[in-house]
Amino acid sequence: MARMAPTLAQLFALLKNDEPSDDSEIGILFGTSSEILQAESPAGANELSVREAEVAEWLLDLQYKDSTVSATENESSSPEKDSDPLNKEGSKAIEKPPDYIEIYPYLDKPSGSSKNASPKSEKKSLISEKGSLESKEKQKESEEKSLISISEGGLESKEEEESLEKAWDSSEKGEAPTPKPKKSVRMKCNENVSVSVSVSEIPSMSKLMTLKSCPSVGMSLESFDQIDSSPMFRSNGAGGNGESNAMVEEAWELLKKSYVYYKGKEVGTLAAMDPSAETLNYNQVFVRDFFPSGLACLMKDPPEPEIVKNFLLKTLHLQGWEKRIDNFTLGEGVMPASFKVLLDSHRLKETLIADFGGSAIGRVAPLDSGFWWIILLRSYSKCTRDYALVELPEVQRGMKLILNLCLSDGFDTFPTLLCADGCSMIDRRMGIYGYPIEIQALFYFALRCARQMLKPERGGKELIERIDKRITALSFHIQQYYWLDFTQLNKIYRYKTEEYSHTAVNKFNVIPESIPDWVFDFMPLRGGYLIGNVSPARMDFRWFLLGNCIAILSCLATGAQATAIMDLVEERWEDLVGEMPLKIVYPALEGHDWRTVTGFDPKNTRWSYHNGGSWPVLLWLLTAACIKTGRPQIAKRAIELVEQRLSKDGWPEYYDGKTGRYIGKQARKYQTWSISGYLIAKMMIENPSNLVMISLEEDKRIANPRLTRSASFPP
């Protein structure tokens, strides 16, 4: 017998009832929806109104609620079926799994563009609060649309090798490689939104969050490749307040003005653009100075890799020139320190003039130029996926020439690289001759980058084998003999001297009395660093920021050592950072030491220039090291200090004083790498995925060598 449809009085009597209605009561009052809609009234075939039908439909849903919930729970408890909590309808509260995270997505993207399926909206109530409930449900539905898009970019490579001239010609025609979309892991929080998502539902995110990094690494570099950066995640550094954004815009404008053009194509950036000072050699393109400028162009949104490609090709062309200083010919693989473009007004022709150290103050060849070139080549290929450039025979030959200079056999008993004073960023006499940590860290970094890019053909296989042996020996040597913390300092303090044979503990015969007094006060109980130099009977205990940061980025420092370096920066913030980041070296040479080591250098007086001066360009190195070690708050603190003064002071090259309070007495203003260093720091702190361009993961193939210092060395 067919059931009679309930009257409106019965419907609303049930609605107004404060006590929860029993399902059996609902079942008695209502049949199926078709029965209700087809019910007969005393007047004949009179249909219920649309509103009445909606009320009936809503009440019918209550009848089947328990059965739906139980069926869903049975499916989720079944081990044979894959559970997806976000796609279940009508399920009860889900317990948070161990890998549960909360993601706060941007909401400015249209909801229709989301790739993630939005949860099914709940049934709308038709009681008196229906209007407010509907608006809340719509807001919740729009907020819960995830805007994380996961995609994997393919790698493209050309099979045919092009010559160096063809590569340059294609560059002149404007055929720049299409950069691969950068990756991002930054997630912005909205105060009014809190959307909970289980990691297990997103495979790539699950892989990302379950990585177990070493103590020195905040997040594995491989994880940055798991998430594509949608346009909302990309940034050119303008992610702060209004004043910060204005500073970023000014920096980009100044960087653009520093471009140097050759035959209509940008090939580098000027060292400085100070109209109030004599140009000297600041109107040239320096290899080491262009490195941060090139990184800034690669990290920009959208990237501008063309200038980096042109720079790499032009400097490679200059490498092939004959290099003579007086009657001596330099090695074939030496890269120029700098070059400039001259215009012949008579022939209306542009020419390049390169300096390989012959015009430098100390007449020293730039040992670091080749290393910076190899590292930038790897950053370029990492950003653009332009592996065809790396595979060019000319590029492969250029890398081999650089490495052959460094890996040639000699009389060395150490794997470190012997060099003269003034061959790196500190290009004046500052007592870094021997085996400075800056050169060793760059050497290690360049070896590992070249190891990734070298092809085994044409002698590459033998060179790769030599690289593998050298990086293993070099990493052991630096980690064992350059490391200094409180415990190691105490051991050196107790060294015995004049030890002979392989059982010697004091291998370099360092005299404990040569330890400077300032080290004992400077060394905290928590922290440590790689000292400046180690050679026979000599240890340079000074702190050099560039060498320590490069050691972190290249994984030359162990995980524990990288963490300790960051601890030292925090513990000695006033000494190493002060009022303007960052000290290039600490402490400064004074008095007798300054006279004997620098030779009365009037530019390197105490706490000035290379002798304890503060260099804003080093901000990008500290930021990269902080991100890799999971300590971005240190970098943010340093960036805030820079933003207080750098732009107002005219972007000077360096600052003087023990705390970096004063603009350097001979500092050029509008120094290009001060500008680009700030831009890199801002872009990296806002999009940490940029770290993959300038950082390496720990190489598992570099096995821990089974070596000990000596049989008598104490445990």
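Bear in mind the structure is a predicted one, so any value in this text is a computation, not a measurement.
Under a cut-off of 6.0 angstrom, the local environment of OH in Tyr662 is sparse, with at most 12 non-hydrogen atoms contributed by other residues, nucleotides or ligands. Taking a 6.0 Å sphere around NZ of Lys658, one finds it holds 12 or fewer heavy atoms contributed by other residues, nucleotides or ligands. Enclosure of atom CZ in Phe520 by more than 12 non-hydrogen atoms of other residues, nucleotides or ligands within 6.0 angstrom is indicated.
In this structure, the separation between CZ on Phe544 and CD1 on Ile584 is 8.5 Å, given to the nearest 0.5 Å. One finds the CD1 atom of Ile426 at 10.5 Å from the CG atom of Asp368 (value rounded to the nearest 0.5 Å). Atom CG of Leu447 is separated from atom SG of Cys406 by 7.0 Å, given to the nearest 0.5 angstrom. In this structure, the separation between NZ on Lys628 and CE on Met684 is 10.5 Å, given to the nearest 0.5 Å. With values rounded to the nearest 0.5 angstrom, Glu698 atom CD is found 11.5 Å from Ser554 atom OG. The OG atom of Ser674 lies 13.0 Å from the CZ atom of Arg668; values are rounded to the nearest 0.5 Å.
Residues passing the side-chain contact (heavy atoms from CB on, under 4.5 Å) test with Asp427 are Tyr609, His610, sequence neighbours excluded.
Ring to ring, Phe600 and Trp594 are close: their centroids are under 6.0 angstrom apart.
Between Gln633 and Glu570 there is a side-chain heavy-atom pair separated by less than 4.5 Å. Within the 4.5 Å cutoff, the side chain of Val569 has no heavy atoms near those of the Asn548 side chain. Using a 4.5 Å heavy-atom threshold, the side chains of Leu367 and Leu417 count as touching. Put simply, the side chain of Thr629 does not reach to within 4.5 Å of the side chain of Ile565, judged on heavy atoms. Side-chain contact between Val642 and Met580: present, with at least one pair of heavy atoms (C-beta onward) separated by less than 4.5 Å. In this structure, the side chains of Leu403 and Ile467 come closer than 4.5 Å at one or more pairs of heavy atoms. Proximity of Tyr655 to Leu646: side-chain heavy atoms (C-beta onward) are separated by under 4.5 Å at one or more points. Counting heavy atoms from C-beta on, the side chains of Tyr444 and Arg470 never come closer than 4.5 Å.
Comment: Lys682 engages Glu643 in a salt bridge, judged by a side-chain N to carboxylate O separation of less than 4.0 angstrom.
Between Phe291 and Trp372, the ring planes lie tilted relative to each other; the angle falls in the 30° to 60° range. Between Tyr586 and Trp607, the ring planes lie tilted relative to each other; the angle falls in the 30° to 60° range.
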ring-ring contact (aromatic ring centres under 6.0 Å, His included) assessment of Phe541 paired with Phe522: CA-CA 11 Å; Phe541 291 91; Phe522 177 74; over 10 Å; no
Evaluation steps, ring-ring contact (aromatic ring centres under 6.0 Å, His included), between Tyr670 and Trp651: CA-CA 5 Å; Tyr670 301 102; Trp651 306 91; 8.1 Å; no
CA sep, side-chain torsions, deciding dist, call: Ile464, Arg451, side chain to side chain contact (heavy atoms under 4.5 Å, CB included): CA-CA 6 Å; Ile464 291 173; Arg451 177 65 176 80; 3.1 Å; yes
Steps toward side chain to side chain contact (heavy atoms under 4.5 Å, CB included) verdict (Thr416, His477): CA-CA 8 Å; Thr416 43; His477 186 87; 3.6 Å; yes
Step-by-step ring-ring contact (aromatic ring centres under 6.0 Å, His included) determination, Tyr435 to Tyr481: CA-CA 12 Å; Tyr435 307 92; Tyr481 303 122; over 10 Å; no
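Gln671 and Tyr282 share no donor-acceptor pair across their side chains, judged by distance under 3.5 Å alone.
The only option from Phe290, Trp373, Phe286 that meets the ring pair (Phe, Tyr, Trp, His ring centres under 6.0 Å) definition with Phe311 turns out to be Phe290. Under the side chain to side chain donor-acceptor pair (under 3.5 Å) test applied with Thr269, the options Ser293, Ser676, Ser258 reduce to a single match, Ser293.
Because its NZ or CZ atom is not both nearer than 6.0 Å to the ring centre of Trp543 and within 45° of the ring axis, Arg572 does not count as a cation-pi partner of that residue.
Asn509 contributes no side-chain N or O that, together with a main-chain N or O of Thr497, makes up a donor-acceptor pair within less than 3.5 Å. With hydrogens and angles ignored, the 3.5 Å screen pairs no side-chain donor or acceptor of Arg448 with any backbone N or O of Phe443.
Residue pairs that meet the side-chain hydrogen bond (donor to acceptor under 3.5 Å, both in side chains) test with at least one member in residues 516-536, sequence neighbours left out, are Arg526-Asp567, Arg526-Glu571.
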